[in-house]
Protein chains: 2
Amino acid sequence: MTVCCDHHPPEETLTRNQRLVLETLRSEDKPLTAYNLLDRLRDDGLRAPPQIYRALDRLVNVGVVHRLDRLNAFISCNHNHCGGQGVLFAVCDACGSVEELKADTVESAILPTTEAIGFHAVQLVGEVRGLCGPCERKKTDG
Amino acid sequence: MTVCCDHHPPEETLTRNQRLVLETLRSEDKPLTAYNLLDRLRDDGLRAPPQIYRALDRLVNVGVVHRLDRLNAFISCNHNHCGGQGVLFAVCDACGSVEELKADTVESAILPTTEAIGFHAVQLVGEVRGLCGPCERKKTDG
DNA sequence: AAGGGTTATGTTACATTATAACAGATTTCA
DNA sequence: TGAAATCTGTTATAATGTAACATAACCCTT
């Protein structure tokens with residue numbers, strides 16, 4: 001796994017729009033879609049989708065935001081890693097909450113397999129579906 | 001990882017539309033989007049998106065087709081596994097080809113991590129970005 | 001064989017997610 | 001200063017996915 005990003009730039013280098021999007025994502029513990037962000041930021045002057053998507057592109061590339069493909073949604077992340085590194089999420093099917101997991105062990109588990117087929121891996125993106133602790137308990141109790 | 005599907009039903013139990021979609025996916029080695037399928041199957045009477053999506057839902061649930069979230073695309077699979085089991089793909093950034101990998105080692109690599117946070121994992125879906133052998137060679141040669 | 005429940009089907013219309021393309025403003029820095 | 005690059009706002013549209021409804025087929029039970 002090699003790294004290929006715009007390394008952890010200090011937050012001061014973010015533009016106003018990028019900072020607004022990042023702060024909004026940080027203020028939620030659930031992932032938000034681009035259009036959720038658009039609704040929340042309309043009063044701050046972000047009125048059209050490209051404004052949101054452009055900010056998200058940068059934040060994802062920099063590694064402070066991840067995209068959850070399964071949900072078409074975005075979530076902030078404070079693990080200090082680059083956009084190019086492996087990422088793994090536990091997504092609760094019941095409540096939609098998301099926890100980021102350490103992907104290191106997963107990366108080492110897949111490398112032999114990808115190498116065996118001659119594939120040059122750059123980034124792992126994994127999403128684990130299931131039930132978070134609280135929802136699992138609710139289910140077995142109820 | 002528990003299993004939760006409509007187990008490997010014989011193909012005779014597929015409906016006409018499901019069989020058409022499955023055969024089309026099998027005849028390609030690249031993933032197809034729902035709208036790619038719609039184009040190819042219009043003459044067979046599949047004229048509107050819900051017809052495609054309904055067939056895909058069943059095929060994915062049954063485990064003979066997988067959805068590639070990153071690409072919004074679908075690919076057939078002949079590993080004899082259920083919809084609920086872990087799945088891992090190597091997706092080439094250059095040519096779009098997709099190879100399915102064995103996910104067993106990956107599942108055992110993540111289980112301790114998900115359990116540590118009290119998360120009850122049901123299914124892993126992982127996509128590894130990178131370059132396939134041929135594209136990697138082209139890049140380093142050129 | 002009639003009828004009742006379920007499943008599959010076709011269709012329209014719409015919701016959601018994402019991008020192309022362009023023009024103006026701002027920054028950077030040689 | 002002025003050329004290159006970047007960020008900005010905007011319109012319009014593409015691509016992906018679903019809700020809702022009416023009909024038809026199928027399976028089962030009596």
Side-chain angles (χ1 to χ4, degrees), chain A residues 5-6 9-25 28 30-62 64-75 91 93 96 98 125 127, chain B residues 5-6 9-25 30-62 64-75 91 93 96 125 127:
Chain A
C5 77
D6 197 1
E11 280 182 30
E12 298 78 57
T13 72
L14 297 177
T15 66
R16 177 186 129 90
N17 289 359
Q18 290 159 9
R19 210 159 17 227
L20 283 166
V21 168
L22 179 57
E23 278 160 14
T24 308
L25 285 171
E28 303 274 335
K30 296 200 175 184
L32 296 177
T33 69
Y35 284 76
N36 293 155
L37 288 163
L38 188 54
D39 288 341
R40 284 171 173 68
L41 291 171
R42 209 173 300 269
D43 293 342
D44 296 291
L46 283 91
R47 282 183 277 267
Q51 296 173 282
I52 302 290
Y53 282 104
R54 289 198 282 234
L56 286 170
D57 278 353
R58 171 95 195 282
L59 296 170
V60 168
N61 186 260
V62 151
V64 292
V65 164
H66 297 301
R67 186 196 152 92
L68 290 154
D69 292 317
R70 186 165 258 306
L71 307 175
N72 299 321
F74 300 83
I75 192 165
V91 181
D93 286 338
V98 172
V125 179
E127 294 168 29
Chain B
C5 77
D6 194 2
E11 280 183 30
E12 298 79 57
T13 72
L14 296 178
T15 67
R16 175 187 130 90
N17 289 359
Q18 288 158 12
R19 211 160 16 229
L20 283 167
V21 168
L22 179 57
E23 278 160 13
T24 307
L25 285 170
K30 295 200 176 184
L32 296 176
T33 69
Y35 284 76
N36 293 155
L37 289 163
L38 188 55
D39 287 342
R40 284 171 172 67
L41 292 171
R42 208 173 303 268
D43 293 342
D44 296 292
L46 284 90
R47 282 183 278 265
Q51 294 173 282
I52 303 289
Y53 282 104
R54 288 197 283 234
L56 286 169
D57 278 352
R58 173 93 195 284
L59 297 170
V60 168
N61 186 261
V62 151
V64 292
V65 165
H66 298 300
R67 188 198 150 92
L68 290 154
D69 292 317
R70 222 180 167 57
L71 306 176
N72 299 320
F74 300 84
I75 192 164
V91 181
D93 286 337
V125 178
E127 295 169 28

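Treat the numbers as computed from the prediction; the structure is a model and nothing was measured.
- Residues of residues 30-47 of chain B that place a heavy atom closer than 4.0 Å to DNA chain C, in numerical order, are B/Arg47.
- For C/dT9, the OP1/OP2 oxygens have no side-chain nitrogen or oxygen of B/Gln51 closer than 4.0 Å.
- A sub-4.0 Å separation between OP1 or OP2 of D/dG17 and a side-chain N or O of B/Arg67 is present.
- Taking atom CD1 of A/Ile52 as the reference point, atom P of D/dT8 lies 11 Å away to the nearest angstrom.
- OP1 or OP2 of D/dG17 sits under 4.0 Å from a side-chain N or O of B/Asn72.
- Whole-Å rounding puts the B/Leu14 CG to C/dT7 P distance at 16 Å.
- Rounded to a whole Å, the CZ atom of A/Arg70 is 12 Å from the P atom of D/dG17.
- The CG-P distance, from B/Asp57 to D/dG17, rounds to 11 Å in whole Å.
- From B/Ile52, atom CD1 reaches atom CZ of B/Arg47 across 11.5 Å, with rounding to the nearest 0.5 Å.
- Judged by distance alone, with hydrogens and angles left aside, the side-chain atoms of A/Gln51 form a donor-acceptor pair with the main-chain N or O of A/Ala48 at under 3.5 Å.
- Distance check: A/Arg19 CZ to A/Thr13 OG1 gives 8.5 Å after rounding to the nearest 0.5 Å.
- Going from atom OH of B/Tyr53 over to atom P of D/dA20 covers 18 Å, rounded to whole Å.
- At least one side-chain nitrogen or oxygen of B/Thr15 sits closer than 4.0 Å to the OP1 or OP2 atom of C/dT9.
- B/Arg58 places its CZ atom 15 Å from the C1' atom of C/dT9, with the value rounded to the nearest Å.
- What separates CG of B/Asp69 from C1' of D/dG17 is a distance of 13 Å, to the nearest Å.
- To the nearest angstrom, P of D/dC26 lies 13 Å from CZ of B/Arg16.
- To the nearest 0.5 Å, the span separating CG on B/Asn72 from CG on B/Asn36 amounts to 11.0 Å.
- A/Asn17 contributes atom CG, which lies 4.0 Å from atom CG of A/Leu46 (distance to the nearest 0.5 angstrom).
- In this structure the side chain of B/Val125 never reaches within 4.5 angstrom of the side chain of A/Asp69, judged on heavy atoms.
- Nearest to the side chain of B/Pro50, among D/dT10, C/dT11, D/dG17, sits C/dT11.
- On a pure distance criterion of 3.5 Å, a polar donor-acceptor pair joins the side chain of B/Arg54 and the base of C/dG10.
- Note that the CG atom of B/Asp44 and the CZ atom of B/Arg16 stand 6.0 Å from one another [nearest 0.5 Å].
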